[in-house]
Amino acid sequence: AYVMGGVPDGEMMHKMMLSKFGEEITSKRAALEAAMAAKDWPKMRSEFHSLKGSSSYVAADIIHDLCQRGQFTIDKKEGDWEAEALKLANEFIAISEEAL
């Protein structure tokens, strides 16, 4: 439904944002998988950061929290951070496959 002036109402806007987020997850998942294979930590961090931001717009809290942890793990580089970053990336991939 639209309000005056052809602007989408809240529900319509949320559905549009969810649709766009679904498209983004598909492309970001592929980029994250490529970064994982190459162990390209800056690229993985960038993908986590991007997904963290967009997931907050659609209230995808589980994805947001997971991506935030991935970004911070790569930033801090403490302990076995590489294995942890890969584990978090794999968790995102599993969740995104279930969601779509």
Side-chain angles (χ1 to χ4, degrees):
Y2 288 84
V3 295
M4 289 181 61
V7 177
D9 67 10
E11 183 178 347
M12 175 71 79
M13 182 63 76
H14 189 70
K15 286 179 182 178
M16 290 168 50
M17 289 174 67
L18 283 174
S19 175
K20 182 71 175 161
F21 182 63
E23 293 169 13
E24 181 180 11
I25 280 182
T26 301
S27 67
K28 294 292 183 182
R29 182 176 59 218
L32 191 59
E33 288 173 328
M36 289 170 62
K39 294 201 171 155
D40 183 344
W41 307 113
K43 180 67 174 165
M44 281 182 65
R45 187 213 178 273
S46 175
E47 297 303 332
F48 277 134
H49 177 77
S50 177
L51 284 160
K52 179 186 74 170
S54 58
S55 63
S56 67
Y57 283 110
V58 295
D61 296 338
I62 292 171
I63 292 175
H64 178 269
D65 292 345
L66 188 124
C67 291
Q68 182 173 21
R69 287 177 27 223
Q71 178 187 341
F72 291 165
T73 296
I74 294 170
D75 285 346
K76 291 180 183 179
K77 294 180 176 56
E78 295 175 349
D80 195 7
W81 66 272
E82 292 173 340
E84 181 65 15
L86 291 171
K87 178 181 152 259
L88 292 166
N90 280 316
E91 285 181 37
F92 165 75
I93 290 165
I95 289 169
S96 68
E97 287 173 348
E98 287 177 22
L100 301 176

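All values below come from the heavy atoms of this structure, side chains included, with hydrogens, waters and symmetry mates left out. Throughout, residue positions are numbered sequentially from 1 according to the sequence presented.
For the side chain to side chain donor-acceptor pair (under 3.5 Å) test, residues two or more places apart in sequence or in another chain that qualify with Lys15 are Glu11. With sequence neighbours left out, the side-chain contact (heavy atoms from CB on, under 4.5 Å) criterion links Ser50 to Glu24, Lys28. Partners of Lys20 by side chain to side chain donor-acceptor pair (under 3.5 Å), not counting sequence neighbours: none found.
Taking OG of Ser54 as the start and CD1 of Ile25 as the end, the distance is 7.5 Å to the nearest 0.5 Å. Atom CE of Met36 sits about 10.0 Å away from atom CG of Leu88, to the nearest 0.5 Å. In this structure, the separation between CG on Asp61 and OG on Ser55 is 8.0 Å, given to the nearest 0.5 Å.
Smallest separation of non-hydrogen atoms from Ala89 and Leu32: CB-CD2, 3.9 Å. Closest approach of Leu51 to Cys67, counting heavy atoms only: CB-SG, 3.6 Å. The shortest non-hydrogen separation linking Ile93 to Glu33 is CD1-CG, 3.4 Å. Taking each heavy atom of Ala85 and Thr73 in turn, the nearest pair found is N-CG2, 4.0 Å.
Side-chain contact between Ile63 and Val58: absent, with no pair of heavy atoms (C-beta onward) separated by less than 4.5 Å.
The salt bridge (Lys or Arg N to Asp or Glu O under 4.0 Å) pairs that include a residue from residues 62-74 number zero, where partners must be two or more places apart or lie in different chains. Sequence neighbours left out, the pairs with a member in residues 33-87 that pass ring-ring contact (aromatic ring centres under 6.0 Å, His included) are Trp41-Trp81. Judged as a salt bridge (Lys or Arg N to Asp or Glu O under 4.0 Å), the pairs with a partner in residues 73-87 (not counting sequence neighbours) are, in order, Arg45-Asp75, Glu84-Lys87, Lys87-Glu91.
In Leu18, the CG atom is crowded: over 12 heavy atoms of neighbouring residues, nucleotides or ligands sit closer than 6.0 Å.
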